[in-house]
Amino acid sequence: MRTRTLGSTGYEVGEVGLGAWAIGADWGEVDDDEAADALRAALSEGVTFIDTADVYGDGRSERRIADALAAWEGSRVYVATKVGRRLDPHVAAGYSYDNLARFVDRSRANLGVEVLDLVQLHCPPDDAYETDTMFEAMERLVADGVVAHYGVSVETVRQALVAIEHPAVATIQIIFNMFRPKPAAAVFGQARDEHVGVIARVPLASGLLTGAMTADRVFAPDDHRNYNRHGQAFDFGETFSGVDFGTGLLAARELASLVPAGHTLAQFALRWILMHEAVSVVIPGAKSSQQVLDNVAAADLPALDEETMSEVAAIYDRYLRSYVHSRW
């Protein structure tokens with residue numbers, strides 16, 4: 001797999017990584033064997049970057065990753081986790097050094113490491129960006145030697161730009177896909193200039209960009225695509241990228257007509273993301289080894305031509321811009 005540099009961390013990572021939310025919680029049931037199979041497939045296919053969080057299954061995702069890496073004898077794998085969402089209530093004042101240090105120690109134990117490769121602030125509330133408190137706390141944790149590098153997982157373009165202004169921020173993680181292309185114009189240039197890595201999350205719009213969804217699809221009660229469609233649990237932009245489900249299906253159907261023969265809509269959607277050089281790594285989730293194999297194969301697609309990129313933009317303008325462009 002081709003590699004890219006992850007911002008100022010200097011880590012060289014495979015351009016297709018693995019998002020490990022689904023093997024932790026909130027996407028329906030995934031048992032230990034299924035999770036282990038998915039992780040083994042990712043490692044065997046050259047995935048060298050795994051993204052998780054301390055709240056994914058209350059640490060289950062981190063622990064499953066630790067088990068997989070304990071048995072892995074191949075190339076170096078970098079694990080990024082996230083902290084902050086364990087706060088209750090989830091408010092800016094909670095992003096203190098003491099709280100974040102406690103969360104970091106828990107993740108170190110879950111992952112079985114002394115030093116975490118990359119810790120990301122996990123979508124802090126908007127007013128947390130108004131002071132330097134949480135950034136200074138993370139800088140202290142780096143100085144303490146328990147965190148190698150830190151970044152910020154953000155919800156909005158504005159939050160990304162504020163984070164990038166802090167010199168010690170090595171990465172930003174942001175929703176970026178064919179339904180949410182705004183960061184390319186609004187954020188990527190600044191990230192490149194400041195040597196900040198970009199981690200593209202929700203690349204398949206919670207499955208809408210797989211081409212496998214139908215209007216009668218029923219999701220399990222513990223699947224966020226059931227319980228968070230309107231932001232009941234967290235930012236609704238995280239579920240289907242904030243797009244109305246029916247409208248997303250229509251847009252996906254048109255996008256499917258652009259897919260090169262022999263490939264899937266999911267692979268096409270991932271390749272579209274990789275056309276943007278500012279993206280360091282894209283992190284599609286997977287609940288099975290087959291999903292991992294399909295996602296990794298996106299790296300083999302040829303570059304998309306200018307006409308195809310323009311057609312994707314036109315579909316966004318026609319169906320989706322009015323839903324999402326001004327919100328995030």
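Basis for what follows: all heavy atoms, side chains included, without hydrogens, waters or symmetry-related copies. If you read the sequence from its start, that first residue is 1, and numbering goes on from there.
With hydrogens and angles ignored, the 3.5 Å screen pairs a side-chain donor or acceptor of Trp72 with a backbone N or O of Ser75. Panel note: side chain Arg180, backbone Ile175; no donor-acceptor pair is recorded below 3.5 Å. Checked by atom type and distance alone, the side chain of Thr210 pairs as donor or acceptor with a backbone atom of Ala212 at under 3.5 Å. In terms of modelled atom types and a separation under 3.5 Å, the side chain of Asn228 and the main chain of Phe234 share a donor-acceptor contact.
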Could you pull out all donor-acceptor pairs under 3.5 Å where a side-chain atom in residues 40-50 meets a protein atom, sequence neighbours excluded?
from, atom 1, to, atom 2, distance (Å)
Arg40, NH2, Asp37, OD1, 2.4
Ser44, OG, Arg40, O, 2.9
Thr48, OG1, Gly14, N, 2.8

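Side-chain atoms of Tyr227 and Asp222 form no donor-acceptor pair, as typed in the model, at a separation below 3.5 Å. Under 3.5 Å, the side chains of Thr308 and Asp305 contain a donor-acceptor pair of N or O atoms. At a cut-off of 3.5 Å, with distance as the only test, a side-chain donor of Trp328 or Asp235 sits close to an acceptor on the other residue. There is a side-chain donor-acceptor pair under 3.5 Å between Thr239 and His224. Side-chain contact annotation: Tyr97 with Glu136, donor-acceptor N/O pair under 3.5 Å absent. Side chains of Gln120 and Ser153: a donor-acceptor N/O pair is absent below 3.5 angstrom, by distance only. Side-chain N/O atoms of Gln267 and Asp294 include no donor and acceptor closer than 3.5 Å. Checked by atom type, the side-chain pair Tyr11/Thr5 shows no donor-acceptor distance below 3.5 Å. Counted by atom type alone, Asp216 and Thr214 present one or more donor-acceptor pairs between their side chains at under 3.5 Å. With no hydrogens or angles considered, a side-chain donor-acceptor pair links Arg102 and Asn99 at under 3.5 Å. Judged by distance alone, the side chains of Ser61 and Thr52 do bring a donor and an acceptor atom under 3.5 Å apart.
In this structure, Arg229 forms no cation-pi arrangement with Phe236, as its terminal cationic atom is not both closer than 6.0 Å to the ring centre and no more than 45° off the ring axis.
A salt bridge does not link Arg4 with Glu277: none of the charged nitrogens is closer than 4.0 Å to a carboxylate oxygen.
A distance below 6.0 Å separates the ring centres of His166 and Phe135.
The line from CZ of Arg85 to CG of Asp54 is 10.5 Å long, rounded to the nearest 0.5 Å.
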